Enquirer: 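Next up is a structure, given as structure tokens.
As the structure lists them, so they are numbered: ligands from 1, and atoms in each ligand from 1. Given the structure is predicted, the values throughout are model-derived calculations rather than measurements.
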Amino acid sequence: MAGKKIRIVALLSGSGRTLQNLLNLQASGELQGDIVGVIGSLSGAYGLVRARNAGVPTCVIRKKDHPDVESFSAALTEQIQQWNPDLIVMAGFMCLYRMPPQFAGKVMNIHPALLPSFGGAGCYGHHVHEAVLAHGCKVSGCTVHFADNRYDCGPIIVQLTAPVREDDTPDSLAERVLEQEFKAYPLAINLFAQGRLRIEGRVVRILPK
Ligand code: GAR
């Protein structure tokens, strides 16, 4: 793989399967980066246990300990800066993070649907798959995008699809989409590490090797 290994900070709120996938790929040499710190927005988030098991430093910053999104975001930024990352990845992070201008183009999010459909405030986790099934979609998937201080809005980097089956439940669809998420996030991160992502307005150009 061309380019240097990057330093990555992960933000999460839940069980941390997204983080675990990245840690596994880091261990097998397939991720062009190292997770150097993990912030959990809930003290009980199992993703924090996964991080500690892998020897990654962790920190808890809870939204409910801050009066508003600005002060919550400022606390996140302060901790992130201490780890001096090249890239910040939201890995099942269910809060809004208002990043400072110097982080623009350095924060990625993964969403379990094909944006711009089925995104935005309140549309996260199992709510997404319930909405996709209720709408009668025949295809779903996942989106990795740069974050832009709004929910699920920034320039799209990678999208992978998954079929919707007649007998799907939100759980079975979530599982099929997660398989694609496990491919999409490392793909986007490695492209970033290789310096191959160029943001032009809301379009991300993928540069050749
Ligand atoms: C993943 O499917 C991720 O795409 C989704 O939550 C799950 C986290 O699983 N994220 C969102 O819905 C964000 N809008 P995990 O906690 O086991 O990694």
Enquirer: Students should be able to answer this: which protein heavy-atom is nearest to atom 11 (C) of ligand 1, and at what distance?
Expert: P112 CD, 3.6 Å
Enquirer: Report the residues that fulfil ring pair (Phe, Tyr, Trp, His ring centres under 6.0 Å) with H126, sequence neighbours left out, ordered by chain and then residue number.
Expert: none
Enquirer: Looking only at heavy atoms, is any part of M90 under 4.0 Å from ligand 1, and if so is it the side chain, the backbone, or both, or is it neither?
Expert: neither
Enquirer: Within ligand 1, which atoms have a heavy atom of Y124 less than 4.0 Å away?
Expert: 12 (O), 14 (N)
Enquirer: Quick test: of every protein heavy atom, which one is nearest to atom 8 (C) of ligand 1, and how far off is it to 0.1 Å?
Expert: G92 CA, 3.7 Å
Enquirer: When you measure from atom 1 (C) of ligand 1 to every protein heavy atom, which one gives the shortest distance, and what is it?
Expert: E181 OE1, 3.3 Å
Enquirer: Heavy-atom distance to atom 17 (O) of ligand 1: which of A121, S13, S15 wins?
Expert: S15
Enquirer: Out of curiosity, is M94 lining ligand 1, as in a heavy atom under 4.0 Å away?
Expert: yes
Enquirer: When you group the ILVMFWY residues by side-chain heavy-atom contacts below 4.5 Å and let the links chain together, are Y46 and M90 in the same group?
Expert: no
Enquirer: Do Q159 and T161 have side-chain heavy atoms sitting under 4.5 Å apart?
Expert: no
Enquirer: Tell me the protein heavy atom at minimum distance from atom 12 (O) of ligand 1, and give that distance in Å.
Expert: G125 N, 2.8 Å
Enquirer: What protein heavy atom sits nearest atom 18 (O) of ligand 1, and how far away is it?
Expert: T18 OG1, 2.6 Å
Enquirer: Decide whether an N or O pair under 3.5 Å exists between G16 and ligand 1.
Expert: yes
Enquirer: Going by side chain to side chain contact (heavy atoms under 4.5 Å, CB included), V144 matches just one of I156, L191, V89, I157. Which one?
Expert: I157
Enquirer: Which protein heavy atom lies closest to atom 14 (N) of ligand 1, and at what distance to 0.1 Å?
Expert: H111 ND1, 3.2 Å
Enquirer: With atoms numbered from 1 as shown, which atoms in ligand 1 lie under 4.0 angstrom from a non-hydrogen atom of G14?
Expert: 16 (O)
Enquirer: Look at ligand 1 and say whether V128 reaches it with a heavy atom at a distance under 4.0 Å.
Expert: no
Enquirer: Does G47 have a heavy atom less than 4.0 Å from any atom of ligand 1?
Expert: no
Enquirer: What I want to find out is whether K4 reaches D86 closely enough, with some N-O distance under 4.0 Å, to be called a salt bridge.
Expert: yes
Enquirer: Does D167 pair with R165 as a salt bridge, N-O distance under 4.0 Å?
Expert: no
Enquirer: Can you name the one residue among T77, N109, N149 that meets side chain to side chain donor-acceptor pair (under 3.5 Å) with Y97?
Expert: T77
Enquirer: Taking atom CZ of F72 as the centre, does the number of heavy atoms from other residues, nucleotides or ligands within less than 6.0 Å exceed 12?
Expert: yes
Enquirer: What distance do F146 atom CZ and I88 atom CD1 have between them, rounded to the nearest 0.5 Å?
Expert: 11.0 Å
Enquirer: Could you check atom 9 (O) of ligand 1 against the protein and tell me its nearest heavy-atom contact, residue, atom and distance included?
Expert: R17 NH2, 3.2 Å
Enquirer: For the CD atom on E78, are there more than 12 heavy atoms of other groups (residues, nucleotides or ligands in this structure) within a distance under 6.0 Å?
Expert: no
